[in-house]
Amino acid sequence: MSNVTFDADGITLERVREYVWEIPPEGDMRAPARVFASEALLEEIKEDKTLEQIKNTTHLPGITNYAICMPDGHQGYGFPVGGVGAIDAEDGCISPGSVGYDINCGVRMMRTNLTYDDLQGREEELVDSLFTNIPSGLGGGGIVESGVDTVEEILERGVDWALENGHAVEGDLLHCEDEGVRAGADADKISQKAKDRGKNQIGSLGSGNHFLEVQRVTDVFDEEVGAAFGLEKDQIVVLIHCGSRGLGHQTCNDYLRKIEQQHQGLLDQLPDKELAAAPAGSQLAEDYYGAMNAAINFAWVNRQLIMHRTRQVFERVFDRPWEEMEMELLYDVAHNIAKKETHTVGGEDRELYVHRKGATRAFPAGHPDVPNAYRDVGQPVIIPGSMGAGSYVLRGGENSMDLTFGSTAHGAGRLMSRTQAKNEYWGGDVQDALEEQDRIYVKAQSGATIAEEAPGVYKDVDEVVRISDALGIGDKVARTFPICNIKG
DNA sequence: ATGTAC
């Protein structure tokens, strides 16, 4: 190890090699922590509690190799956003606090065969129609509003339910992780209260950083992989970012309370109560895993319904069938989950609960869990930037299994809190500037949400992606730029 | 992120 260090106000990071930093174990840390970032990003990461939080996560029993902070890391609830914790599934634990409140928050991208020329002049009509037809904002109102029995079916059957009920086509399932149905989902482990919160939110965007964006492809960096993903310059694509709404939030809350009641001993060992975990093999660990998998299915159906409704909006605006516009799902990535996966650790295969909170699975070419359509090039990874900066499509890099348990970053990462953002920006001004300077059309339920999500509150997504690419954990394939954005 | 309630 070289002797280059980075001093982050009391926490010293040792440089392992370019863009890889390590916090060596001290006190009750069970493993080192690693931060994958440039010095420029570290300067931002050190400004909040991220580094302290990534140190704290190494106290979780069963933490394997090292806890990971991605280049977009920032402070979260207990476990940092942009964090990966691979934890032994036999002797370790599963941590609802480390998955977070928005179970299976994630992004999906839909292709079209439209070009920017087809869309110019129609932006306002399109953004208005999307905003009118896709439920957004806090509280209830979904594309489907139904009873608890429907929620239960969705929880266990995932996108299969959407297919059977006319909200999906076969190809949608083939281009989603787990073909849109998470195994091991147990609706009985989701509380009545959570189901009640979910029943009128099936197909709804929510609020905060969730959005639907129409974008154009500005760059294809890798022609071969770009072709495999069906992406080319000037093409219109749609990006959808949302999660499991009140149902997932309630589920996280329910299990945090159960841990306080049943596993106070483990809780007492942790430096931060927000890392709450259930011991592997306990009834509660099994129950949470069943519930979390069910909430994952709910979030997939949520994104599916929003995508399918978007097809119908495009049909009306462009006056032709969506099939003719080739509006096909490219891929759906979950970035707030824990998943039982087999990884090679010190030469032997181990079952691990891989916690990815604000981190994206990024399996390389050839991995059996990559869908057939992309098996030869690697799993698509979608990294949204801000509504002013645009987003990236990557593919799982060949070093991801060795370095990061098959993971990479998930976004640009916040630079400042929501409260701070509202002091810095006024929503209306942000909206006007985006339209006048960049011809980006934004429509939101409240001006406060636009202020909270102003481009200036995010880190530089180009720098985040540059590091992922340089490390070979997620390789750059294409870049997009926003045209229309709707949000809560 | 999230039904500005337990």
Side-chain angles (χ1 to χ4, degrees), chain A residues 48-50 53 72-83 95-107 135-142 145-146 148 151 190-212 240-258 260-261 274-276 291-292 295-296 298-300 302-303 306 333-338 355-360 384 386-387 410-422 444-453 457-458 487-488:
Chain A
D48 60 21
K49 294 191 190 310
T50 311
Q53 289 188 332
D72 56 338
H74 64 95
Q75 185 180 330
Y77 174 88
F79 197 96
V81 177
S95 169
S98 303
V99 170
Y101 277 93
D102 194 2
I103 297 167
N104 192 7
C105 179
V107 269
S136 66
L138 279 172
E145 298 191 11
S146 192
V148 162
V151 173
I190 299 273
S191 68
Q192 191 62 38
K193 196 172 177 185
K195 290 169 187 167
D196 279 334
R197 288 181 68 172
K199 70 186 180 196
N200 61 351
Q201 299 183 329
I202 308 163
S204 66
L205 215 41
S207 184
N209 63 356
H210 291 163
F211 62 83
L212 181 149
I240 296 163
H241 179 206
C242 63
S244 51
R245 304 291 330 276
L247 182 140
H249 190 273
Q250 186 64 47
T251 300
C252 179
N253 214 341
D254 290 340
Y255 281 88
L256 293 176
R257 297 294 85 79
K258 283 176 200 272
E260 285 174 358
Q261 292 158 8
E274 294 182 354
L275 291 172
M292 184 202 61
I296 285 171
F298 186 86
W300 272 334
N302 192 25
R303 290 198 283 277
I306 291 168
V333 300
H335 59 220
N336 270 13
I337 51 100
H355 296 67
R356 296 189 182 91
K357 185 200 217 179
T360 309
S386 74
M387 60 179 162
H410 87 306
R414 292 192 81 84
L415 272 175
M416 63 179 87
S417 71
R418 296 179 181 284
T419 318
Q420 213 178 335
K422 278 181 281 194
Q445 297 284 355
S446 95
T449 309
I450 301 180
E452 289 173 2
E453 295 299 316
V457 316
Y458 282 97
K487 56 203 330 72

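In what follows, every chain begins at residue 1, and chains take the letters A, B, ... in the order their sequences are listed.
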>> Which heavy atom of H74(A) sits nearest to which heavy atom of Q53(A), and what is that distance?
In response: O-OE1, 4.5 Å

For nucleotides 4-6 of chain B, which of its nitrogen or oxygen atoms have a protein nitrogen or oxygen under 3.5 Å away, and what is each distance?
none

>> Check the phosphate of dT2(B) against R197(A), side-chain N and O only, distance under 4.0 Å to OP1 or OP2. Yes or no?
In response: no

> In chain order, what residues pass the ring-ring contact (aromatic ring centres under 6.0 Å, His included) check against Y101(A), with sequence neighbours excluded?
Replying inline: Y77(A), H249(A)

> Can you name the ring-ring contact (aromatic ring centres under 6.0 Å, His included) partners of F211(A), sequence neighbours left out?
Replying inline: H241(A)

> With N336(A), which residues qualify under side chain to side chain donor-acceptor pair (under 3.5 Å), at least two apart?
Replying inline: none

> Partners of S98(A) by side chain to side chain donor-acceptor pair (under 3.5 Å), sequence neighbours excluded?
Replying inline: S95(A)

> Under 4.0 angstrom, heavy atoms only, what part of the nucleic acid is G243(A) near: base, sugar-phosphate, or nothing?
Replying inline: nothing

> With a non-hydrogen cut-off below 4.0 angstrom, is S244(A) in contact with a base, only sugar-phosphate, or nothing?
Replying inline: nothing

> Atom CG of D196(A) and atom P of dT2(B): how far apart are they, to the nearest Å?
Replying inline: 18 Å

>> For residues 241-258 of chain A, which residue pairs pass the salt bridge (charged side-chain N to carboxylate O under 4.0 Å, His left out) check, not counting sequence neighbours?
In response: R257(A)-E260(A)

